[in-house]
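Since the structure comes first, as structure tokens, the remarks are kept for the end.
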Amino acid sequence: MNWTQTFIPTLKEVPADAEIVSHQLLLRAGLIRKLTGGLYTFLPLGLRALRKVERIVREEMDRAGALEVLMPALQPPEIWQKSGRYESARDVLFKVRDRAKKEWLLGPTHEEVITSLVAGEVNSYRQLPRNFYQIQTKFRDEIRPRFGLMRAKEFVMKDAYSFDATDEAAQVSYQKMYDAYVRIFQRCGLKAMPVEADTGVMGGKFSHEFMVPAETGENEVVYCEGCGYAANVEKAVSCVPATTGEGAASIGELERFATPGVSTIEALTRSPYEVAGDRQIKTLVYMVAGKPVLILLRGDHQLNEAKLTGVLGVADFRPATAEEIFDALGAHPGSLGAVGVKELNVCADELLRGAVGMTTGANEDGFHLRGVEVGRDIEVKQWGDLRLAAVGEPCNHCGKPLKVRRAIEVGHVFKLGSKYSEALGALFLDESGKQQPAIMGCYGIGVTRTLQAVIEQSHDKDGIIWPLPVAPYQVCITPLSVSPESAVFQLAQAIHKALIEEGVEVLLDDRDERPGVKFKDADLVGFPLRLGIGEKSLARGEVELKPRGGQLIAVKSENAVTKVLEWLEGNRV
RNA sequence: CGGAGCGUAGCUCAGCCUGGCUAGAGCGCCAGCUUUGGGAGCUGGAUGUCGCAGGUUCGAAUCCUGUCGCUCCGACCA
């Protein structure tokens, strides 16, 4: 392909509305253009890279035995009502109406569709296991689209759904996808790590996310360098010693004391009170299904709402407002406590079990209580792990201090169980003739997001550094003259032709531009290999191979094609 | 949805506070000349609904109101 015949609108300046470097480079390298917030057009170069990622995904899904299908993006709301997600996922659902005013949904995902298909087609254990996948555009009414392709209203996703007759078989299906994901991200040149994940609104009990470490990521991963444990912070557990009464200022007697103006844990740790954070009980009030519930944590800990969902068994909750709190407890945030509270549900973190000599709010503005004994003074109705694991806490498995880093979620595998198969009637007859719901798994990869994650992870100050397998072109030929009769350009064209015949994806920069412009653009776009042809080196019978980000290699011009092929072979993943 | 900021040429932005000549710069684009190994130089040229609507005023890019869009922070997030 000649540069002048394709369309690569590179940008010298950084677009004002792109915040993170991968988004800036997507725009600057001429890969995408924004139509409006959260919606982008893929330009020829960007589309080529996207297709590369898709191809890798497709090859690995096929290798893992999954079958490609293509489902409708437009879906009837009825199946979403059946699964219950018409309500639970309503915030992300795009709804449209046809001329008869009937409502339709633009699919954010396809569990309902595939399960409906299987419900009608699969009747016997003999037809299982099955795994169907598709690569398709998904629509989500994101509250706040951002970071280019990272979080968009519309994006390309690979989604796969497995159906099994037994739990054990489902586990095998899950592991196949897990292994395929490891290969996919490796082949994309990404350092992605699988981490244990919360299952969220999807339901199900078992899940891993594939995370690409990046400062700009929207997720936090807790991990241990000692044993390899890694989990999304929403799921992560750590091993903090139980809270004892040792060292407490006052054990045994419940004592009310004045704390004028104190409304934070931190303020109580200071003079004259000097109550350490781990000697305090933090009292949060949440409205759970419309009723106030007290959530107790140690003062130095943070609430993990994902864990709260698990402990309460419902996701329908939110922090109470100051007014709701005052109505329930007669005090404002900062002076709250659960001592003597009988009429409200009290839900406490495990680490508070048996804690004595604690300090907490007195439910009277400006007063706290010390000498609190959980159990004696506080009636806890529900216990659970509610705590957000934090950096430095001991790993639950090996005791080494945990670390935390930000990451981009590029893939997610779930063991779903039978939630959807039951709701949508995906039943089969087992060997004994008994009707059973299929055991499902679902497996997503954000294809467009993966593409951007590659750039986020692989770039320098000059531009993108494409891993060879996902580069839009593998090689860019840069002749420093494009006058038709020049030896430089004639050689460039000959090599171009020869490489195409060898099946190499090659771009010939035939623009009549100064060398600096061509070099800068080649670096910006990030071709893995650039072949420079100029008068000076050609006078010595040489051309120049320049791997992106590597050292220049002079090769004899008659060996150029061979050397390029060798380089490509040597860098294949 | 709450908070903050921004909408002026294809891109990056100045001008606005303190209303007033023909609305500007750099980059890009077009033509010509010169140049040719890391985003060249000179000359000439084209390009604007100053987001949109209303208001105040003799006069609005500038002040006021509304509205739409974008960006950031938060909440949210399969």
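Numbers restart at 1 for each chain; the letters A, B, ... are given by sequence-line order, proteins then strands. Reckoned from all heavy atoms, side chains included, excluding hydrogens, waters and symmetry mates.
Taking atom CD of residue A:Glu305 and atom C1' of nucleotide B:C77, one finds them 12 Å apart after rounding to whole Å. Atom CD in A:Glu87 sits roughly 16 Å away from atom P in B:A78 (whole-Å rounding). Between the C1' atom of B:G38 and the NZ atom of A:Lys546 lies a distance of 11 Å, rounded to the nearest Å.
Note on A:Pro15: only backbone sugar-phosphate atoms sit closer than 4.0 angstrom, heavy atoms only; bases stay farther off. Nucleic acid contact class of A:Gly37 (heavy atoms, under 4.0 Å, all strands): sugar-phosphate only. Contacts of A:Asp91 with the nucleic acid, taken as non-hydrogen atoms under 4.0 Å apart, are absent.
Taking 4.0 angstrom as the limit, A:Lys34 places none of its side-chain polar atoms (N or O) nearer than this to OP1 or OP2 of B:C70. Contact between the side-chain N/O atoms of A:Arg146 and the OP1/OP2 oxygens of B:C73 is found at a separation under 4.0 Å.
When each of A:Phe206, A:Phe414, A:Tyr181 is checked for a ring-ring contact (aromatic ring centres under 6.0 Å, His included) with A:Tyr174, only A:Phe206 meets the rule.
With respect to A:Glu142 and A:Lys153, no salt bridge is recorded, no charged nitrogen being found less than 4.0 Å from a carboxylate O.
Counting atom types as modelled, A:Glu544 pairs a side-chain N or O with a base atom of B:G37 as donor and acceptor under 3.5 Å. Looking at A:Arg151, its side chain comes within 3.5 Å of the base of B:C77 through a donor and an acceptor atom. Counting distance only, with no hydrogens placed and no angle test, the side-chain atoms of A:Ser537 and the base atoms of B:G37 include a donor-acceptor pair under 3.5 Å. Interface remark: the A:Glu535 side chain does not form any donor-acceptor pair with the B:G37 base, using a distance-only criterion of under 3.5 Å. A:Arg514 contributes a side-chain N or O that forms a donor-acceptor pair with the base of B:U35 under 3.5 Å. Between the side chain of A:Arg530 and the base of B:G38, a donor-acceptor pair under 3.5 Å is found.
The neighbour count for A:Gln551 CD, taken as heavy atoms of other residues, nucleotides or ligands under 6.0 Å away, does not exceed 12.
A cation-pi contact, defined as under 6.0 Å to the ring centre and within 45° of the axis, links A:Lys95 to A:Tyr86.
Nucleotides B:C73 and B:C29 are separated by 38 Å at their C1' atoms, to the nearest Å.
Residue A:Pro479 comes nearest to A:Val488 through the heavy atom pair CB-CG1, 4.0 Å, listed as atom of the first residue, atom of the second, then distance.
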